[in-house]
A.B. asks: 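The structure under discussion is supplied below as structure tokens; questions concerning it will follow.
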Amino acid sequence: MLIQNLRKRLSEDIYLFLEKSSAVNKSGIPKKPDTLNDKVMQITLSIPKNREFGDLSTNAALVLAPVLKKSPLKIAEEIKNNIIITWPEAADINIAAPGFINFFISRDYILNNLEAIALQKYKYGCNKHGKNIKVQIEFVSANPTGGLHIGHGRWAALGDSLSNIFISNGFDVCREYYINDFGSQTAKFSLCLASIYLKAFGQDTEYPQDGYPEELVKSVVDQVLNEEKLTDGPGFKGRYIKNKKSDGSFKKITGRAGSDAISEMADIDAIGLQGIGIMIKRIAASLKSMNVEFDEWFYESSLYKNANFEKTIQQLEKEKLVYRKDDALWFKAALHGDEKDRVVVRSGGEPTYFASDIMYLINKAGRRFKKLIYILGADHHGYIKRLHAIGKATGFDERNIEVIIGQLVRLVKKGKAVKMSKRKGHVYMLDDLIEEVGSDAIRYFFTANSFNTPMDFDLDLAKQKSNQNPVYYIQYAHARIANIIDKVRQGIAEQEIDFDRNDLILPGKWSDNFEDIFEALISENSFKIPHLESNEEADLAKMLMLYPDVVYDACICREPYMINQYLYRLAGQFHYFYKHHRVIDGKKLNSGRFKLVLLTRIVLANALKILGVGAPERM
RNA sequence: GCGCUUGUAGCUCAGUUGGAUAGAGCGACGGACUUCUAAUCCGUAGGCCGAAGGUUCGAAUCCUUUCAAGCGCGCCA
């Protein structure tokens, strides 16, 4: 982490320097330690917007000027001559009005450190900042009573990429999907299933009012029937039907209607269980097709097993976190920062969704997660205070309950926003989108913006533009490198390419595998520093050096889009390099460039992996 | 009504603890293929940072007010 290290060193060096200067009096105590510390904290080291200024820039002199009561330019001069000039990383240091200190990253430093990429390979970019702390990231968690729509796709892409970023920063990450398989929605879904199921056996019942779309329910029932056929043979009799006589005919149900009739005729809970299972498999398959896999599928219903609910209520009562009012049990949420108190147990004795929330959080704490990250849509922002209140009340440090609110995806068609409504059937399913646009483009597109940016998803544009999507630009860079390697391999095998053996000891036998080639080249060569002549080459190398900082920043900010942005710039830098310089020049291999290109491929592949986007070798 | 979020180029968006002349991509326009793949490269045009005040050496960024958009405020999940 080049920049991160320099940042740290800058403030340390400045503090040391100030200790020796007039800002600190003779007894060694700063005159106003708080102001001084505050000021040192304000010092930044960043990449300036204008490249001409340099690679890095610091405002240190400007920040310190009011405290030191000296002109910024004078301070800048001192910092330059006493601190930055001693850094091997810095070159061409200059001072610009009103007091910025700018410098470039020295080419020697870059070249000497390229070896790190070669050695770390697929770990390049990773750091140990997370100290293996257990982090749980919960995302998507869509109800298993329907398929995933476009919006879920965004959380899937963001959540998975963020998980990868945390892993790259040394955290122990668990990706978790919370399945709401308990409560009224599940009950309704089960009822719908049972109704259609009964129909399949000629038992007509009234389809539940306000039920789930029949088309969806029927597709699930069909699958249930197929599975039943498989296990029970062709003469299957409907294992969820309760009102069967011994001869296989049905008892008549009289005087009952609607859900009562259904529950008398069929085992609703059992068919619901199987139906939910089928839905979860479908959801998992959709997610898998966009490269998202969860470590844990957590069932809400499991929270109610082994009298856990009753025990939890007892515990809450014992700790005086709840009280009774109007026959219901209330959680003192307002006391812990929420807007108002919340009902945990309804007057009828039924637990609310909030009861599950409490038990789930206690459960997470019990699994020793130190940090809980919830990725929720903007329509759930009312949750933040609620979750923090639970944390505070149950003793989980609320600072480690992070709720990331993602803005919603608006579907736009012909310039007009389409209202996404499940009832009206205007929902655009994720599977359809994957089919039309492809997983790579979706993954890139959904992480290309900040969590906090509301996204307009223009369907027509997505389809039409798929060919010039930025993701292809990036993948093309990777494919071009693959092609170069292929050419080099062939050229050497057929003795048509000449190269300096002192510079590049290539293994005699190369397999077709990319990784093997790199592996063999690096190990046999013990990576000698490449000779790079031009600025374009040095700029590309510099870009490679900055990758670990990007991985770190993306984690600190919890923003995967920073990886997208970096990838695009890296690809651009590569394409520019490719256009202006040849790796295979006539019949001669430029080994320095060849190495540079191999390293570029590693970084491209690493970053693409974080985003869950493929790195094709041919396009 | 109260609360959360957003408003930056024609479009989609960066600009993250205040920094230098507000940046990319797409679209538009003009160039470059005898080439390691032109899915590329080079160039041009495009802006009152929603509006108005304030804070200071310095504001797209912080504060106040205001306008507009999205979302949320159940003993639903």
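Chain identifiers are assigned alphabetically (A, B, ...) following the order of the sequence lines, protein sequences preceding nucleic acid strands; residue numbering begins at 1 within each chain. Every value quoted in this text rests on a predicted model; they were computed, and no experiment measured them. Values reported hereafter were calculated over all heavy atoms of this structure, with side chains retained and with hydrogens, waters and symmetry mates removed.
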A.B. asks: Within this structure, what is the CD1-to-P distance between A:Ile404 and B:C71, rounded to whole angstrom?
C.D. replies: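 Rounded to the whole Å, the gap is 22 Å.
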A.B. asks: Pairing check on B:G27: which nucleotide meets the Watson-Crick or G-U wobble criteria with it, both distances under 3.5 Å?
C.D. replies: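 When the pairing criteria are applied, nothing turns out to pair with B:G27, so the answer is none.
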A.B. asks: Look at the side chain of A:Thr44 and decide which nucleotide, out of B:U17, B:C76, B:A39, has an atom nearest to it.
C.D. replies: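 Nearest to the side-chain atoms of A:Thr44, counting from C-beta on, is B:U17.
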A.B. asks: Examine A:Tyr374 together with A:His380 and report whether their ring centres are nearer than 6.0 Å.
C.D. replies: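 For A:Tyr374 and A:His380, the ring centres are not under 6.0 Å apart.
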A.B. asks: Give me the distance, rounded to whole Å, that separates B:G10 from B:A28 when you measure between the C1' atoms they each carry.
C.D. replies: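 Those two atoms are separated by 9 Å.
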A.B. asks: How far, in whole Å, is B:A20 from B:G43 if one measures between their C1' atoms?
C.D. replies: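 These two C1' atoms come out 26 Å apart once rounded.
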A.B. asks: Of the nucleotides B:C36, B:C75, B:G19, which has the atom closest to the A:Ile484 side chain?
C.D. replies: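 Out of B:C36, B:C75, B:G19, the nucleotide with an atom closest to A:Ile484's side chain is B:C36.
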A.B. asks: Identify, with sequence neighbours excluded, every residue that meets salt bridge (charged side-chain N to carboxylate O under 4.0 Å, His left out) alongside A:Arg7.
C.D. replies: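 A:Arg7: no salt bridge (charged side-chain N to carboxylate O under 4.0 Å, His left out) contacts found.
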A.B. asks: Is there a donor and acceptor pair closer than 3.5 Å between the side chain of A:Asn102 and the base of B:A20?
C.D. replies: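 Side chain to base: pair found, below 3.5 Å.
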A.B. asks: Quick one: label A:Ala479 by what it contacts on the DNA or RNA (base, sugar-phosphate, nothing), any heavy atom closer than 4.0 Å.
C.D. replies: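 If one applies the 4.0 Å heavy-atom cut-off, A:Ala479 turns out to touch a base.
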A.B. asks: Among B:A77, B:A24, B:C75, which is the nearest nucleotide to the side chain of A:Asp326?
C.D. replies: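 So the nucleotide nearest the side chain must be B:C75.
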A.B. asks: Counting only heavy atoms and a strict 4.0 angstrom limit, can you tell me which residues of residues 575-593 of chain A come near RNA chain B?
C.D. replies: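 Correct list: A:His575, A:Tyr576, A:Tyr578, A:Lys579, A:His580, A:His581, A:Arg582, A:Val583, A:Ile584.
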A.B. asks: Along nucleotides 3-16 of chain B, 5' to 3', which nucleotides get a B, which get an S, and which get a -, given that the test is a protein heavy-atom distance under 4.0 Å?
C.D. replies: BBSS-----SSSSB
A.B. asks: Go through the structure and list residues passing ring pair (Phe, Tyr, Trp, His ring centres under 6.0 Å) with A:His580, not counting sequence neighbours.
C.D. replies: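 Applying ring pair (Phe, Tyr, Trp, His ring centres under 6.0 Å) to A:His580 gives A:Tyr576.
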A.B. asks: Looking at every strand, decide which applies to A:Phe100 at a 4.0 Å heavy-atom threshold: base, sugar-phosphate, or nothing.
C.D. replies: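 Touches a base.
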A.B. asks: Which comes earlier along RNA chain B counting from the 5' end, the contact point of A:Ser347 or that of A:Phe53, where each point is its nearest nucleotide?
C.D. replies: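 Result: A:Phe53.
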A.B. asks: For the residue pair A:Glu617 / A:His478, report whether a side-chain donor-acceptor contact shorter than 3.5 Å exists.
C.D. replies: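 The criterion, which ignores hydrogens and geometry beyond distance, is not satisfied for A:Glu617 and A:His478.
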A.B. asks: Scan nucleotides 27-31 of chain B against the protein and return all N/O pairs shorter than 3.5 Å with their distances rounded to 0.1 Å.
C.D. replies:
unit_1, atom_1, unit_2, atom_2, d
B:G27, OP1, A:Gln468, NE2, 2.8

A.B. asks: For RNA chain B, whose closest nucleotide is more 5', that of A:Leu62 or that of A:Tyr568?
C.D. replies: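 Its nearest nucleotide lies further toward 5', so the answer is A:Leu62.
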A.B. asks: Just the rounded figure in Å: distance from P of B:G58 to CG of A:Asn59.
C.D. replies: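 Atom CG in A:Asn59 sits about 16 Å away from atom P in B:G58.
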A.B. asks: Just jot down the salt bridge (charged side-chain N to carboxylate O under 4.0 Å, His left out) partners of A:Glu339, sequence neighbours excluded, or say none.
C.D. replies: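 A:Glu339 satisfies salt bridge (charged side-chain N to carboxylate O under 4.0 Å, His left out) with A:Lys385 only.
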A.B. asks: For A:Glu317, what residues pass the salt bridge (charged side-chain N to carboxylate O under 4.0 Å, His left out) criterion, not counting sequence neighbours?
C.D. replies: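 With neighbours one apart ignored, the set is empty.
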A.B. asks: Does a side-chain N or O of A:Tyr476 approach OP1 or OP2 of B:A39 to a distance below 4.0 Å, or not?
C.D. replies: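 Checking A:Tyr476 against B:A39: at least one side-chain N or O falls below 4.0 Å of OP1 or OP2.
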A.B. asks: Not counting sequence neighbours, which residues clear ring pair (Phe, Tyr, Trp, His ring centres under 6.0 Å) with A:Tyr552? List them please.
C.D. replies: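 Counting only residues at least two positions away or on another chain, A:Tyr552 forms a ring pair (Phe, Tyr, Trp, His ring centres under 6.0 Å) with A:His129.
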A.B. asks: Let's test this: given Watson-Crick or G-U wobble pairing with both distances under 3.5 Å, identify the partner of B:C62.
C.D. replies: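 With both distances under 3.5 Å, B:C62 matches B:G54.
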A.B. asks: Rounding to the closest angstrom, what is the interatomic distance between B:U64 and B:G23 at atom C1'?
C.D. replies: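 Between the two C1' atoms, the distance is 29 Å.
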A.B. asks: Considering only atom P, compute the distance from B:U8 to B:A60 and round it to an integer number of Å.
C.D. replies: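 Looking at atom P only, B:U8 and B:A60 are 15 Å apart.
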A.B. asks: Applying the Watson-Crick and G-U wobble criteria at under 3.5 Å, what pairs with B:G3? Answer none if nothing qualifies.
C.D. replies: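 Base partner found: B:C71.
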A.B. asks: Between A:Tyr568 and A:Tyr473, does the ring centroid distance fall short of 6.0 Å?
C.D. replies: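 Centroid distance A:Tyr568-A:Tyr473: below 6.0 Å, so yes.
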A.B. asks: Does B:U21 have a Watson-Crick or wobble mate here (both distances under 3.5 Å), and if so which one?
C.D. replies: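 WC or wobble partner does not exist here.
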A.B. asks: Who passes side chain to side chain donor-acceptor pair (under 3.5 Å) against A:Tyr360, sequence neighbours left out?
C.D. replies: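 A:Tyr360: side chain to side chain donor-acceptor pair (under 3.5 Å) contacts with A:Glu176.
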A.B. asks: Could you state the atom-to-atom distance from CG of A:Asn564 to C1' of B:C26 in whole Å?
C.D. replies: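 It works out to 16 Å between those atoms.
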A.B. asks: For B:A69, does either OP1 or OP2 sit under 4.0 Å from a side-chain N or O belonging to A:Arg410?
C.D. replies: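 Looking at the OP1 and OP2 atoms of B:A69, neither is under 4.0 Å from any side-chain N or O of A:Arg410.
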A.B. asks: Salt bridge check: are A:Lys542 and A:Asp539 linked by an N-O gap of less than 4.0 Å?
C.D. replies: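 A salt bridge links A:Lys542 with A:Asp539.
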A.B. asks: Please list, chain by chain and in numerical order, all residues satisfying ring pair (Phe, Tyr, Trp, His ring centres under 6.0 Å) with A:Phe499, sequence neighbours excluded.
C.D. replies: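 With neighbours one apart ignored, the set is empty.
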A.B. asks: Are OP1 or OP2 of B:C76 and a side-chain N or O of A:Arg346 less than 4.0 angstrom apart?
C.D. replies: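 A:Arg346 to B:C76 OP1/OP2: side-chain N or O found under 4.0 Å.
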A.B. asks: When you measure only distances, ignoring hydrogens and angles, does the side chain of A:Thr352 come within 3.5 Å of the base of B:C75 through a donor and an acceptor?
C.D. replies: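 No pair found.
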A.B. asks: Considering only atom C1', compute the distance from B:U66 to B:G25 and round it to an integer number of Å.
C.D. replies: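 That atom pair is separated by 33 Å.
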A.B. asks: Write down the distance between OH (A:Tyr353) and P (B:C73), rounded to a whole number of angstrom.
C.D. replies: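 For the pair A:Tyr353 OH and B:C73 P, the rounded distance is 13 Å.
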A.B. asks: Take atom P in B:G19 and the same atom in B:A59, then report the distance between them in whole Å.
C.D. replies: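 About 11 Å, rounded to a whole number of Å.
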A.B. asks: Please give, in whole Å, the distance from B:G72 P to A:Leu408 CG?
C.D. replies: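 One finds 8 Å between P of B:G72 and CG of A:Leu408, rounded.
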A.B. asks: To the nearest Å, how far apart are A:Tyr473 OH and B:A24 P?
C.D. replies: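 Distance, rounded to whole Å: 12 Å.
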A.B. asks: Rounded to whole angstrom, note down the P distance from B:A32 over to B:G18.
C.D. replies: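 49 Å, rounded to whole Å.
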A.B. asks: Would you say the ring centers of A:Tyr476 and A:His575 fall short of 6.0 Å from each other?
C.D. replies: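 Yes, the ring of A:Tyr476 comes within the 6.0 Å limit of the ring of A:His575, centre to centre.
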A.B. asks: Quick one: list whatever passes ring pair (Phe, Tyr, Trp, His ring centres under 6.0 Å) with A:Phe309, sequence neighbours left out.
C.D. replies: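 Result, ring pair (Phe, Tyr, Trp, His ring centres under 6.0 Å) vs A:Phe309: A:Tyr304.
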A.B. asks: Base, sugar-phosphate, or nothing for A:Arg569, non-hydrogen atoms under 4.0 angstrom?
C.D. replies: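 Answer is nothing: A:Arg569 stays at 4.0 Å or more from every strand.
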A.B. asks: Pairs of donor and acceptor atoms involving the side chains of residues 179-190 of chain A, under 3.5 Å and at least two apart or interchain, shall be tabulated with distances.
C.D. replies:
unit_1, atom_1, unit_2, atom_2, d
A:Asn180, ND2, A:Tyr353, OH, 3.0
A:Asp181, OD1, A:Glu300, N, 3.1
A:Asp181, OD1, A:Ser301, N, 2.7
A:Asp181, OD1, A:Ser301, OG, 3.3
A:Asp181, OD2, A:Ser301, OG, 2.5
A:Gln185, OE1, A:Tyr212, OH, 2.6
A:Thr186, OG1, A:Asn180, O, 3.2
A:Thr186, OG1, A:Phe182, N, 3.2
A:Lys188, NZ, A:Asp210, O, 3.2
A:Ser190, OG, A:Thr186, O, 2.8

A.B. asks: Could you please name the option among B:A77, B:A38, B:A20 that lies closest to any side-chain atom of A:Arg480?
C.D. replies: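 The nucleotide sitting nearest to the side chain is B:A38.
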A.B. asks: Go through the steps to decide whether A:Leu361 and A:Ile401 satisfy the test side-chain contact (heavy atoms from CB on, under 4.5 Å), and finish with yes or no.
C.D. replies: CA-CA 10 Å; A:Leu361 197 128; A:Ile401 301 176; 3.9 Å; yes
A.B. asks: How many Å lie between CD1 on A:Ile474 and P on B:U40, as a whole number?
C.D. replies: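 To the nearest whole Å, that distance equals 11 Å.
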A.B. asks: For the C1' atoms, the ones on B:C48 and on B:U44, what distance do you get once it is rounded to whole angstrom?
C.D. replies: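 Going atom to atom, C1' in each nucleotide, I get 24 Å.
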A.B. asks: Checking all strands, does A:Thr186 fall into the base, sugar-phosphate, or nothing category for heavy-atom contacts under 4.0 angstrom?
C.D. replies: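 It contacts nothing in the nucleic acid.
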